A.B. asks: 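There's a structure below that I have some questions on.
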Amino acid sequence: MELAIYLFSALTLLSALGVVFSAKPLTSALYLVLTLFLVAVHFALLDAGFLAVTQVLVYAGAIMVLVVFVIMLLGVDEVNEGRRNIPQFVVALAAVSVFVAIFAGLSYSAPLELKNVALPAGFGGIEAIGAKLFREYVLAFELASVLLLAAIVAAVTLTIEPKRALPEGRGLKAMHKTKNQGVIS
Amino acid sequence: MELATDILIIVLKAAIAMGALLQIASLTTWVERKGSALIQDRIGANRASIFGFDLAGLLNTLIADPVKAITKEDWLPKGTSQFMHSLAPFLAVFPVLMSFAVIPFGPDITIAGKTISLQLANLNAGLLYVFAMGSLAVYGVVLAGWVSNNKFSLLGGLRASAQMISYEVVMGLSIIGLLAVYGTVDLQKIVVYQGSNFDALPIPRWGVFLNPIGFILFFTAMMAETKRAPFDLPESESELVAGYMTEYSGMKFLLFWLGEFAEIGVAAAMITVLFFGGWQLPWLDVASFGPILGGLVGSVVFGAKVLFFCVLQVVIRWTLPRFRYDQLMNLCWKGMLPISLVNLMATVALLIAINS
Amino acid sequence: MTEYYLGFSAVLFALGTLGVIVRRNTLIVLMCIELMLNAVNISLVALAREFQQVDGHIYVFFVMTVAAAEAAVGLGIVIGVFRNFVSTEKESIASLHG
């Protein structure tokens, strides 16, 4: 059991490194899909069955499809990171290492241990989550739906193109007038 | 010893499940070739024959086609990497094969005192797992469109992915009402629920009688999700050459094809399990036939129902003309989504009224 | 085991932060933000397992919802910026530079 956890953690770290350090955005996106899938495996190992499936369904199956879609729509899957900023990288690496050290130190010094006994039946299943979600957290649930609606409206407003007026007249003359309006208006 | 038997049983179940799905896929390919010929009043797929016997097209479709595809040259379009080019068909096929893991084939069988459930993995959120795998299938399409380095393939890939994610929404919404009636998302429990009869009428409590509009919506959305006609604009043979699959030849093309027909099988299996009683026979209790006979009869019944729906999907493909892309998207967002929401509200309202 | 998961999620979070600081492509920055959110999800689920309360799972549910909303709006912004600057680099949005 522990072996499975360590193995999948190693794989997750490797694919996270792939996300952060890939040259092209599309490769990074595919590594991120792999990372999300492995995180879903971690959820399953932690007795969170519903969350594992939701992670694949929502994160890997919808959000990342959107990201990949945008990469392909814009056609920006190219490498153009010019001069590297080594001092910035070193300082950032030092800063996040300090963060990891502090956090890991704190968590290893706290008196926690994973209790392997007496997990309530149906823990992490869809009934348990549904019971809590629609009783104690129903307000947050409704607000989340409003948030999603706001996000939809925002995304459409940001990206909608105003309807271009059709050229009057027929033939090559009318088409010539609109020749200089490109796709990106 | 116990662990070894358990592993052996799981491996055997996996082999049988995968084997069944792949057999359904190849048989549906043959039904497509010969069935479309019948519908279009022609003889199809009769070119391959041994000593004059062509086995009604089976020789052509099941032996000649794969051998041709395997021995074809696998070439790469300019400017793409071999890895991405090979990854796309893998991503198109893998989720479809994985989604067959939660489908129940029959009631539990008992061999030598050991109860074996005829379901590879009894997940608590079984139905959601199938939807999750369906949403992963989008990657194969969109990656294939991109990696072909070809504007028309890219267009086909983007259109296909937009269509797939739109119809996923309808697919999910259309069955929530039905799931409220069943009270569970576990597929084996759903099938067991459909064994009983209604209180008032002597008909079995199948999903199609509980929620007929949901069945129509789910069937349509599933056909659109698997990019089958009349929703097959992404791979339309008369418009975009082969859409996102244009630059693929040989075994990779056949993998896309296999993925599509396996998706037909998965769609038929889902419809059977959710709406038509799975492995249940009407007015008979299959589980009480005996420890092993019950399982066998259940599997045969399930297989027959799945084959019926595969043939139905093939017939629908060759009967209806194709949607234009904007008609397709309008149908989803302006037609089917409101209907599925109204269906959900009506079903839940009826449920509350009956239960109070 | 829980402390192992917390340390692991800290490492993932650190990798995400490193990516946000160092990388110049806005799309990759968005993906590193998603990586950070997933690191937090892992630690929430580990702690839910530790204290045996499903509340942790519900927090993760809401984090996923917010991440979806934020990804949609973020990508809308990326598309808007692309329309005006024809580039997805952080450094190209430099009109207000001194």
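Keep in mind the model is a prediction, meaning the values are calculated, not measured.
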A.B. asks: Do A:E127 and B:N124 have side chains that approach each other closer than 4.5 Å (heavy atoms only, starting at C-beta)?
C.D. replies: yes
A.B. asks: Between B:I165 and chain A, which part of the residue has a heavy atom less than 4.5 Å away: side chain, backbone, both or neither?
C.D. replies: side chain
A.B. asks: Could you tell me which of A:T54, A:V58, A:L26, A:T27 has the largest number of non-hydrogen atom pairs under 4.5 Å with chain B?
C.D. replies: A:L26
A.B. asks: A:V68 versus chain B, heavy atoms under 4.5 Å apart: side chain, backbone, both or neither?
C.D. replies: side chain
A.B. asks: Kindly give the heavy-atom pair with the smallest separation between A:V56 and B:S135, and that separation in Å.
C.D. replies: O-OG, 4.2 Å
A.B. asks: Does B:M164 reach the side chain of A:V65, with side-chain heavy atoms less than 4.5 Å apart?
C.D. replies: no
A.B. asks: Would the number of heavy atoms belonging to other residues, nucleotides or ligands and lying under 6.0 Å from CZ of B:F256 be above 12?
C.D. replies: yes
A.B. asks: Could you grab the distance from atom CH2 of B:W146 to atom CG of A:L73, nearest 0.5 Å is fine?
C.D. replies: 10.0 Å
A.B. asks: Going from CG on B:L143 to CG on A:L30, what distance comes out if it is rounded to the nearest 0.5 angstrom?
C.D. replies: 5.5 Å
A.B. asks: Quick check on B:A162 against chain A: is it the side chain, the backbone, both or neither that has a heavy atom closer than 4.5 Å?
C.D. replies: both
A.B. asks: Count the heavy-atom pairs under 4.5 Å between each of B:L91, B:L87, B:V142, B:D186 and chain A, then report the option with the highest count.
C.D. replies: B:V142
A.B. asks: Measure B:Y139 against the heavy atoms of chain A and call it side chain, backbone, both or neither at under 4.5 Å.
C.D. replies: side chain
A.B. asks: Which bit of A:V33 is near chain B, if near means a heavy-atom gap under 4.5 Å: side chain, backbone, both or neither?
C.D. replies: side chain
A.B. asks: Side chain, backbone, both or neither: which part of A:A62 has an atom under 4.5 Å from a heavy atom of chain B?
C.D. replies: neither
A.B. asks: With a 6.0 Å cut-off (strictly less than), is the heavy-atom count around NZ of A:K24, excluding the residue itself, greater than 12?
C.D. replies: no
A.B. asks: Take atom NZ of A:K132 as the centre, draw a 6.0 Å sphere, and report whether it contains more than 12 heavy atoms from other residues, nucleotides or ligands.
C.D. replies: yes
